[in-house]
Amino acid sequence: FDKRSKFLHYLPETLVVNNIEFDHADIFNNLDEIKTAFRRLVNVVPSQGTIFVNADDPNSLEVTDQAFTGIQTIGFSKSARYQISDVTLERGMSSFRLINETYRVALIGEFNVRNSAMAVAVALQYNVPVPAIKKALAQFRGVARRQELRGEVNGIKIIDDFGHHPTAIRETITALRYQYPGQKIWAIFEPRSNTTRRAVFQKEIPAALGLADRVILAEIPRLELLPEKDRLDPLGVVATIKAEGVPAFYEPSVAEIIERVRPSAKPGDVIVVFSNGGFDEIHQKLLTELGSHEF
């Protein structure tokens, strides 16, 4: 099994670098090692190629500053070649301006705006007509397991999100605030990835989850495989969130999570489940149990 970054197997002529943060703690010891991997990727882009870089992310700018090919920067920064402006986040829709044109996408959140702006910039580079770009962007409905509505029962929405990095969790909850203004947001998190099972994000995870109105942390899978000093402390995460005034609970199993949710969830609530795995089919089990519950 090749433990190197999979993108090192590619030979792209166009490369998009959106953001670089520490992750994959089972592979990399620190952020510098991740930057080295990205530099190797940058170096394989041919001189006639193009690299599109997030102008607002210092790590992305750093790893591309010695590239052998042309650089195009996209972001909110005034120094960006393609500057994003006039962002509007509405219920179910985001809009932004890029090079004197307004684009709309049926996705919510700053990250989705950035991703969309990157796609627009690349399409313009390949001379795709602006009307075609606008039409494609407006019709795009996202990908599975990213703010995906799995169902609604008794006015309670169950959302599936692959987010397992603190930044992804934070941005998803923030986006849901725009999507469902004034509604109670539950965050249920299974720390399942090789990074979130470790203590490296002991402070960042509570800060991200604490943006929700109510938080439930599930049991950490395969925790016994990690040295005790390296393990994420789930009770510590819950205690930190509680200290900030947000109700938070540690419920190891899906059955216990459902027992915690069922008597407290109300019509209008939004429950987002964060996991990069199947999570014992918790989404369908929540829909079934909440659908049979009398309010």
Side-chain angles (χ1 to χ4, degrees), residues 14 16-21 52-57 60-61 72-126 128-152 157-187 207-213 268-274:
T14 300
V16 174
V17 183
N18 270 325
N19 61 293
I20 298 174
E21 296 183 272
F52 294 84
V53 185
N54 180 355
D56 306 317
D57 180 38
S60 297
L61 292 172
Q72 300 285 358
T73 53
I74 298 91
F76 295 97
S77 171
K78 291 182 179 180
S79 64
R81 166 67 176 84
Y82 295 86
Q83 185 179 9
I84 306 168
S85 64
D86 301 328
V87 174
T88 301
L89 303 178
E90 304 169 357
R91 194 180 184 110
M93 181 69 66
S94 301
S95 65
F96 61 95
R97 284 185 66 79
L98 199 72
I99 313 182
N100 300 319
E101 294 286 348
T102 298
Y103 298 89
R104 295 171 64 83
V105 61
L107 301 172
I108 288 293
E110 183 181 301
F111 262 42
N112 283 320
V113 168
R114 288 184 181 276
N115 289 341
S116 299
M118 282 287 191
V120 171
V122 173
L124 291 172
Q125 176 82 3
Y126 282 90
V128 179
V130 168
I133 298 173
K134 288 186 176 182
K135 181 179 179 181
L137 203 59
Q139 293 177 343
F140 181 60
R141 292 296 179 267
V143 298
R145 305 210 66 192
R146 292 294 187 186
Q147 300 178 34
E148 180 184 0
L149 179 63
R150 291 288 295 269
E152 180 175 349
K157 293 178 173 63
I158 306 298
I159 293 176
D160 182 20
D161 197 278
F162 192 79
H164 53 275
H165 189 283
T167 299
I169 293 170
R170 183 186 69 238
E171 293 297 328
T172 294
I173 295 174
T174 300
L176 291 175
R177 291 287 184 202
Y178 287 101
Q179 179 78 349
Y180 305 106
Q183 295 176 245
K184 181 189 290 184
I185 295 177
W186 294 65
L209 289 171
L211 296 177
D213 298 302
D269 287 1
V270 177
I271 301 175
V272 54
V273 178
F274 293 104

Original post:
Quick one: does I158's side chain get under 4.5 Å of L149's, heavy atoms only?
Top reply: no
**OP:** Calculate, to the nearest 0.5 Å, the distance between atoms CD and CZ belonging to Q125 and F52 respectively.
**Re:** 4.0 Å
Subject >> Y82, OH: over 12 other non-hydrogen atoms inside 6.0 angstrom >> reply: yes
Original post:
Can you tell me how far the CD1 atom of I173 sits from the CG atom of L211, to the nearest 0.5 Å?
Top reply: 5.5 Å
Subject >> Note, F274 side chain near T172 side chain (heavy atom, < 4.5 Å) >> reply: yes
**OP:** Could you tell me the separation between the CD atom of E171 and the CZ atom of R146, rounded to the nearest 0.5 Å?
**Re:** 12.0 Å
Subject >> Side-chain donor-acceptor pair present, Y103, S94, cut-off under 3.5 Å >> reply: no
Subject >> Pair D269, W186: side-chain N/O donor-acceptor within cut-off below 3.5 Å >> reply: yes
Subject >> Basic-acidic side-chain contact under 4.0 Å: R114, E110 >> reply: yes
**OP:** Decide whether R97 and S85 meet the rule of one side-chain donor and one side-chain acceptor closer than 3.5 Å.
**Re:** no
**OP:** Assess whether side chain to side chain donor-acceptor pair (under 3.5 Å) is satisfied between R81 and T73, documenting all intermediate values.
**Re:** CA-CA 5 Å; R81 166 67 176 84; T73 53; over 6 Å; no
**OP:** Determine whether the side chains of S77 and Q83 contain a donor N or O and an acceptor N or O closer than 3.5 Å.
**Re:** no
**OP:** Look up atom CZ in F111 and atom CG in N18, then write down how far apart they are to the nearest 0.5 Å.
**Re:** 8.0 Å
